[in-house]
Structure formats: C-alpha cells, structure tokens
Peer 1: 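Quick one: the structure is below, and I'll ask about it shortly.
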Amino acid sequence: MVERSLRGMKIGANSLESDIGVALVERHDETYLCERGHRFTVTLAQDAEVPATWECKCGAEAKLVGDHGEDGEEKVVKPARTHWDMLLERRSEEELQVLLNERLELLRTGRLYSRRHS
C-alpha cells in the first residue's frame, strides 16, 4: 500500500502512479486537411496503418496531406462499388430495360399486386 496520505486530495484529480518503468510506443504525426480548409495533425503509433481520410472537428472529411505509400507513391483508393455497378455485373442494360418494361406493364394493368393477394 502507498505510504502517502490521501487526506484532502480530490478523488480522480491526480494519479498516484508514476511513469517510471513505462515504455511508450514510438509515435509519429500525420497531417490532414479538410475541404473547408481546416488543417490538423493526428498522432499515431509508428506501426499503425495511416488512414487516407479522417473526420474533421467540423464534420467534413479531411484528406491525408503528402504521400504515404509503400514505395513513396500515394495509395490508390478504390472507388466504392454502387448498387448500379453490381447490377451491371449481373445483367446488361438491354436486359434491365426488358425487365423494367415487363414490371411497368404489370403495374399499369394492376396485375402486379393481385398476385400477392391471391
């Protein structure tokens, strides 16, 4: 037990632990710039993967400043696949047009919903 008196000390205000014998991990700073012009730095562990984007305090997306690729090149970020992209992987636009026309015809004649309730 610690030989110090706790009398008159605020709980949680100060720690009684010391930094002796604690090995801190190597760190580095990365700079981000948001679309509204805010520039800020984030401290990361040396071996941590550096994210290409970070959320700014204003809520906008901030991009990493500088190049941070393996070979000194900027990382290539793959564009997000949309639902339309995935649909076009399965069907051609001509097939989709035929399906759309069939469904519109069923909807216009009222047969689209009669199947469900029959």
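Predicted, not measured: the structure shown is a model, and the values here were computed from it.
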Peer 1: Could you check if a side-chain atom of T31 sits within less than 4.5 angstrom of a side-chain atom of R39, using non-hydrogen atoms only?
Peer 2: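 Yes, at least one pair of side-chain atoms sits under 4.5 Å.
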Peer 1: Quick check: is L64 connected to V42 through a chain of hydrophobic side chains (ILVMFWY, heavy atoms under 4.5 Å apart)?
Peer 2: yes
Peer 1: Of the non-hydrogen atoms in E89 and R81, which two are nearest, and what is the gap between them?
Peer 2: OE1-NH2, 3.4 Å
Peer 1: Is there a donor in the side chain of N101 and an acceptor in the side chain of E105, or the other way round, less than 3.5 Å apart?
Peer 2: no
Peer 1: Between H28 and E26, does any side-chain donor sit less than 3.5 Å from a side-chain acceptor?
Peer 2: no
Peer 1: Looking at side-chain heavy atoms only, is the closest gap between L88 and L96 below 4.5 Å?
Peer 2: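 Of all side-chain heavy-atom pairs linking L96 with L88, at least one is under 4.5 Å.
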Peer 1: How close do R111 and T109 get, heavy atom to heavy atom, and via which atoms?
Peer 2: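 That closest heavy-atom pairing would be NE-OG1, 3.1 Å.
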Peer 1: Distance check, rounded to the nearest 0.5 Å: R108 atom CZ versus R103 atom CZ?
Peer 2: 13.0 Å
Peer 1: May I ask whether L87 and L99 are part of the same hydrophobic cluster, defined by side-chain heavy atoms of I, L, V, M, F, W, Y residues being less than 4.5 angstrom apart, directly or through others?
Peer 2: no
Peer 1: Tell me the closest heavy-atom pair linking L44 and P51, and the distance in Å.
Peer 2: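 Minimum heavy-atom contact is CD1-CD, 4.3 Å.
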Peer 1: Parallel, tilted or perpendicular for F40 and Y32, by the 30°/60° rule?
Peer 2: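 Rings of F40 and Y32: parallel, as their planes differ by under 30°.
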Peer 1: Report the C-alpha separation of C58 and H38 in whole Å, then their side-chain angles, then the decisive distance to 0.1 Å, and conclude whether the side-chain contact (heavy atoms from CB on, under 4.5 Å) test is met.
Peer 2: CA-CA 8 Å; C58 68; H38 301 128; 3.5 Å; yes
